[in-house]
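These notes are about the structure you will find just below.
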Amino acid sequence: MSGPAAGTAAAATTTDVVCLGESMVTFLPSQPGRLADVPSFGRGIGGAESNVACALAAAGHRAAWVGRVGADGFGDHLVETIASYGVDTSAVRRDPARPTGVYFRTAADRGTDTHEVAYYRAGSAASAMSPENVPYEALFAGRVLHLSGITAALSPDCLALLRELTAPRPGRPLVSFDVNHRPHLWRGCAEDASVLLELARRADLVFVGEDEAEEAWGIVGAEAIRAALPEPSVLVVKRGSAGATVFASELSPGPRGAEAAAGTAALAATTDTVSAAAPAASTDTVTPVPALRVDVVAAVGAGDAFAAGFLSATLRGLPVRDRARHGHLMAAAVLTVPGDLTDPPSRDRADRLVALDDAAWGRLRLAPGWTAADRAPEEVRTP
């Protein structure tokens, strides 16, 4: 069975979140310095969408990752490692003709001039994903389908696939979209800005950083970003150390049709979110949520962790402020380890921290090891 219509008809909602995208084997440096000077690397995994799936599964949700890897040892490692987090990888496809992507990076912060990344992903198995070869029945089997702009940049076929998955259609699950603008992947393509804006406007829940909105679209400030993206029911503007601003609206059903409206309304009933694909008379609830102070080990994977925390709280029907706070806590867990993934704090502990009043939340400072089960919340507060 192939094609969106056939897959949608057969889909049964058995999963909380399905994540589609490329995952790669990542090589982490054994010491700081230029790639030319690093003597050895440790092996890990990296991929925006699989990171989200792993974090959600570790937080107790039913998560699936759909992707395409080579029929090689690196592909085996990816599938086995992602599955070890409790993620359903049964719909991952193996490509005998193309390799699994890999990349190397330095220890420096991604935002600094000394940060280096060497990607070996051109012609990868994931870049061959297309509307003709993905398992639609698996993609539409969740309450939420999580996508990102990285996939759109991998190849024309991948872009065509994202356009299919974000197209209005009956029975479409709630679509979560992380803009994830990566200029180097677009290789100077002049369409990157318009493509990412198009895909974001067709989603229900959008994550975008203030910095990437300015870089991609020349838009400055959270309010201006919302003006450019009026369609999503929930827009999360990430503002780095300043926190996040969440725009949430209740809109009348757009052009998806009655069946789609009923599907998104069913999710809304359990998540306090109403989804729609077209602008309508609405009043946003604007919720700014400060970030936490964190002793950062590596600023990699924090955006994916934030998305996972926000989605987790959304699935649980928590208020908007608490969704963003759970996002900040998930991000803090990743920021205090060297790699893209780590175990999140227990749900009970995260809920206790999220419930703090504004003053106590502002006093929190999280250091490496803060998620350990035997570490009391008082130990991570500043005096």
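- Side-chain atoms of Asp351 and His326 include a donor-acceptor pair closer than 3.5 Å.
- Distance alone, capped at 3.5 Å, is enough to place a donor-acceptor pair between the Arg202 side chain and the Arg163 backbone.
- In this structure, Arg226 contributes its side chain and Leu229 its backbone to a donor-acceptor pair below 3.5 Å.
- Using the six-membered ring where Trp is involved, His328 and Trp361 have ring planes that are tilted, between 30° and 60° apart.
- A distance of 6.0 Å or more separates the ring centres of Phe41 and Phe27.
- Within the 4.5 Å cutoff, the side chain of Thr285 has no heavy atoms near those of the Val320 side chain.
- Side-chain atoms of Ser50 and Ser23 form a donor-acceptor pair, as typed in the model, at a separation below 3.5 Å.
- Counting heavy atoms from C-beta outward, Glu22 and Met24 have side chains that approach closer than 4.5 Å.
- For the pair Tyr136 and Leu165, the minimum side-chain heavy-atom distance is below 4.5 Å.
- Within the 3.5 Å criterion, the main-chain N or O of Pro319 finds no donor-acceptor partner in the side chain of Asp322.
- Between the side chain of Asp284 and the backbone N or O of Val286, no donor-acceptor pair lies under 3.5 Å.
- The distance between the ring centers of Phe207 and Phe177 does not fall below 6.0 angstrom.
- Exactly one of Thr15, Asp16, Val17, Val18 qualifies for a side chain to side chain contact (heavy atoms under 4.5 Å, CB included) with Arg143. That residue is Asp16.
- Between Val25 and Tyr103 the shortest side-chain heavy-atom distance does not fall below 4.5 Å.
- Side-chain contact annotation: Asp88 with Ser90, donor-acceptor N/O pair under 3.5 Å present.
- Without hydrogens or angle criteria, Asn133 side chain to Ala128 main chain gives a donor-acceptor distance under 3.5 Å.
- Looking only at distances, a side-chain donor or acceptor of Arg347 sits under 3.5 Å from a matching main-chain atom of Ala59.
- For the residue pair Glu116/Thr106, the side-chain donor-acceptor check at 3.5 Å is not satisfied.
- The backbone N or O of Leu318 sits less than 3.5 Å from a side-chain atom of Arg323, completing a donor-acceptor pair.
- Applying side-chain hydrogen bond (donor to acceptor under 3.5 Å, both in side chains) to Arg94 and the options Asp72, Thr100, Asp76 leaves one that passes, Asp76.
- Side-chain contact between Val206 and Val236 is absent, with no heavy-atom pair separated by less than 4.5 Å.
- Thr166 places a side-chain N or O within 3.5 Å of a backbone atom of Leu162 that can act as its donor or acceptor partner.
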Given the rule in the side chain to side chain contact (heavy atoms under 4.5 Å, CB included) test, do Phe306 and Lys238 qualify, once you have shown the distances and angles that lead to the verdict?
-> CA-CA 9 Å; Phe306 180 94; Lys238 298 176 292 183; 4.2 Å; yes

Determine, stepwise, if the pair Ser249 / Ser233 fulfils side chain to side chain donor-acceptor pair (under 3.5 Å).
-> CA-CA 5 Å; Ser249 63; Ser233 295; 5.2 Å; no

